[in-house]
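Presented below is the structure to which this report refers.
Counting convention: from 1, in listed order, for ligands and their atoms alike. Note that the coordinates shown come from a computational prediction; the quantities given were computed from them, not determined experimentally. If you read the sequence from its start, that first residue is 1, and numbering goes on from there.
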Amino acid sequence: MTRHFLRDDDLSPAEQAEVLALAAELKASPFAQRPLEGPRGVGVIFDKNSTRTRFSFEMGIAQLGGHAVVVDGTTTQLGRDETIEDTGRVLSRFVDAIVWRTFGQDRLEAMASTATVPVINALSDTFHPCQVLADLQTIIERKGPPAGLAMTYLGDGANNMAHSLALGGVTAGMHVTISAPTGFEPAAEVLEAVRARAEQAGGSVRVVADPATAVAGADVLVTDTWTSMGQETDGKDRKGPFRPYQINDELLAQADPGAIVLHCLPAHRGEEITDAVIDGPASVVIDEAENRLHAQKALLVWLLRQ
Ligand code: CP
Ligand code: NVA
């Protein structure tokens, strides 16, 4: 059975730990593993904008000895209605893995249904699991083993980052709090999966509307844009309801004194996070961005071994 990474719970807790250990090894010795030597290829398709994901996958694949075919999805025949299923069948004859940033999670599932090589979610509307591997690597570097740590995410609780932090966080045994305004809570079916995984892995999840309550005692604070890609014209008022969820000095002071602050970037400074916090001593956002490279290389190496 081909293994895919479409959502955070596609790796068991033990498998996630293996990938994170490998990520740390590859950070220390970037050229130690060359499973794509040949070169073997990886297809990297973007249906949405990207800076970090594009650079980290393309460079990571090169460092593993392979070749990345990086394309804008609209310029492929997918943009002219070739089926996702046929695309999965065909690309599997050319490349050893398919990395795809797209809209609906169902599109990734359709690709994985026919691809005979691993399909990796490089961000969908529902999940951003590669980002959360990098986030966990960053948390481990700063705070040690993640199991038992308290992580609070503030902002849009229904977006890809909230969902993946909850699912990936409990997989690592973390206690995850999602703090979001009414109407922006995590999707019920995702919360159900998070609770099931938490039970298995020893973590927990809660949804807390009040930001001060949510951050009390937190070891890790995380936020993300209030308006995700694709939501720019949905007509929802976000600035008003989201304002109390901004990570600023006052909110940070209510977390654990040693708390670190993560943001997957790009940041909207002055909205979800202030300049003082993102540029301040608690912020680890640039290390977090770098870890995309190491975590994704580890994921590729691990998937290609299965
Ligand atoms: N964090 C992240 O995925 O960044 P990009 O959109 O720049 O790839
Ligand atoms: N939630 C954001 C993440 C960007 C990396 C978005 O989907 O736009």
Do the side-chain N and O atoms of Asn291 and Thr138 include a donor-acceptor pair separated by under 3.5 angstrom?
yes
Can you find a heavy atom in the side chain of Glu271 that is under 4.5 Å from one in the side chain of Gln246?
no
Cluster question for you: counting only ILVMFWY and a side-chain heavy-atom cut-off of under 4.5 Å, with indirect links fine, are Met174 and Leu165 together?
yes
Under 4.0 Å to a heavy atom of Met229 - the qualifying atoms of ligand 2, by number:
6 (C), 7 (O), 8 (O)
Any salt bridge linking Arg89 with Glu85? Criterion: basic side-chain nitrogen under 4.0 Å from a carboxylate oxygen.
no
Output yes when the distance from some N or O of ligand 2 to some N or O of Asp224 is under 3.5 Å, and no in every other case.
yes
Taking Glu141 first and then Lys27, would you say they form a salt bridge - that is, a charged N and a carboxylate O separated by under 4.0 Å?
yes
Closest to atom 6 (O) of ligand 1 by heavy-atom distance, out of Arg101, Arg52, His263, Gln131, is Arg101
Do any nitrogen or oxygen atoms of Arg54 come within less than 3.5 Å of a nitrogen or oxygen of ligand 1?
no
Numbered atoms of ligand 2 (with element) below 4.0 Å of Thr225, judged on heavy atoms
1 (N), 2 (C)
SB check Asp10 Arg7 (cutoff 4.0 Å)
no
Protein contact to atom 4 (C) of ligand 2 [nearest heavy atom, distance to 0.1 Å]:
Leu123 CD1, 3.9 Å
Show the atoms of ligand 2 that are less than 4.0 angstrom away from any heavy atom in Asn159.
1 (N)
Is Asp125 close enough to touch ligand 2? Criterion: a residue heavy atom under 4.0 Å from a ligand atom.
no
With distance as the sole test, does Asn121 use its side chain to make a donor-acceptor pair with the main-chain N or O of Leu6 at under 3.5 Å?
yes
Are any of the N or O atoms of Asn160 closer than 3.5 Å to those of ligand 2?
yes
So if I count the atoms of ligand 2 from 1 in the order they appear, which ones are less than 4.0 Å from some heavy atom of Ser228?
1 (N), 2 (C), 6 (C), 7 (O), 8 (O)
Work out which heavy atom in Arg197 is nearest to a heavy atom in Val170; give both atom names and the distance.
CG-CG2, 3.8 Å
Nearest protein heavy atom with distance in Å, relative to atom 7 (O) of ligand 1
Thr51 N, 2.7 Å
In this structure, atom 2 (C) of ligand 1 is nearest to the protein heavy atom Arg292 NH1, 3.3 Å
Atoms in ligand 2 with a heavy atom of Leu265 nearer than 4.0 Å:
5 (C)
Trp302 side chain near Leu11 side chain, heavy-atom distance below 4.5 Å:
yes
Using a 4.0 Å cut-off to any heavy atom of Cys264, which atoms of ligand 1 qualify?
1 (N)
Any nitrogen or oxygen of Pro266, main chain or side chain, under 3.5 Å from a nitrogen or oxygen of ligand 2?
no
Does this structure show an ion pair linking Lys48 with Asp125, if we count only N-O contacts that are shorter than 4.0 Å?
yes
Given that the side chain starts at C-beta and the backbone is N, CA, C, O, which of these parts of Lys48 lies under 4.0 Å from ligand 1, counting heavy atoms, or is it both or neither?
neither
Is Leu265 close to ligand 1, meaning an N/O of one under 3.5 Å from an N/O of the other?
yes
Is it true that Asp275 and Arg269 make a salt bridge, defined as a side-chain N closer than 4.0 Å to a carboxylate O?
yes
